[in-house]
Amino acid sequence: MKKLFIYASVVGLAAGVIYWLCKKEKSNTITYKTADKKVDFEHGPQEEEFSQNTSVVEGMYQAKSESAQAVYERHSEAGSIMKDAYSNIMEDFVEDFSGEKDANAKDENKEVIIDGESVSLMKEIDSISDELDDLLK
């Protein structure tokens, strides 16, 4: 019984919402139709205002076109400046590391000689590293 009541109330609520939306839709279309009729009756003053505002609108479009052209020119100039700056940065970046590659190649060609002193130094470094790790814990 309770389930039937819940189902009936949900269906009734859905039907009420749909009816309300349809009624609202009809009132909106009636409002638009009456507004269209008002526009048809006021045809004479609109033509006069249109002729007066035409020059204003043309001036507005011309100003908009000029400002768009000015923005395009500024952006083109800024783009070329940024492109030149980026190429200069990349040239400097490549030049700096080209010397390091040669130095690394020379180091790789050298033979590594490990003697007793090097081994004792490595052990000492390892013990210091272990002590630092213990301090961090």
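These values consider heavy atoms only, across backbone and side chains, with no hydrogens, waters or symmetry-generated copies.
- Rounding to the nearest 0.5 Å gives a distance of 9.0 Å between NE2 of His75 and CE of Met82.
- Here CG of Asp84 is found 11.0 Å from CD1 of Ile89. Values are rounded to the nearest 0.5 Å.
- A donor-acceptor pair under 3.5 Å is formed between the side chain of Ser67 and the backbone N or O of Ala63.
- Distance check: Met122 CE to Asp126 CG gives 9.0 Å after rounding to the nearest 0.5 Å.
- Once rounded to the nearest 0.5 Å, the distance linking OG of Ser120 with NZ of Lys123 reads 8.0 Å.
- Atom OH of Tyr7 and atom OG of Ser9 lie 10.5 Å apart (nearest 0.5 Å).
- The closest donor-acceptor contact from the side chain of Ser65 to the backbone of Tyr61 lies at 3.5 Å or more, if one exists at all.
- Side-chain contact check for Leu132 versus Ile128: some heavy-atom pair is nearer than 4.5 Å.
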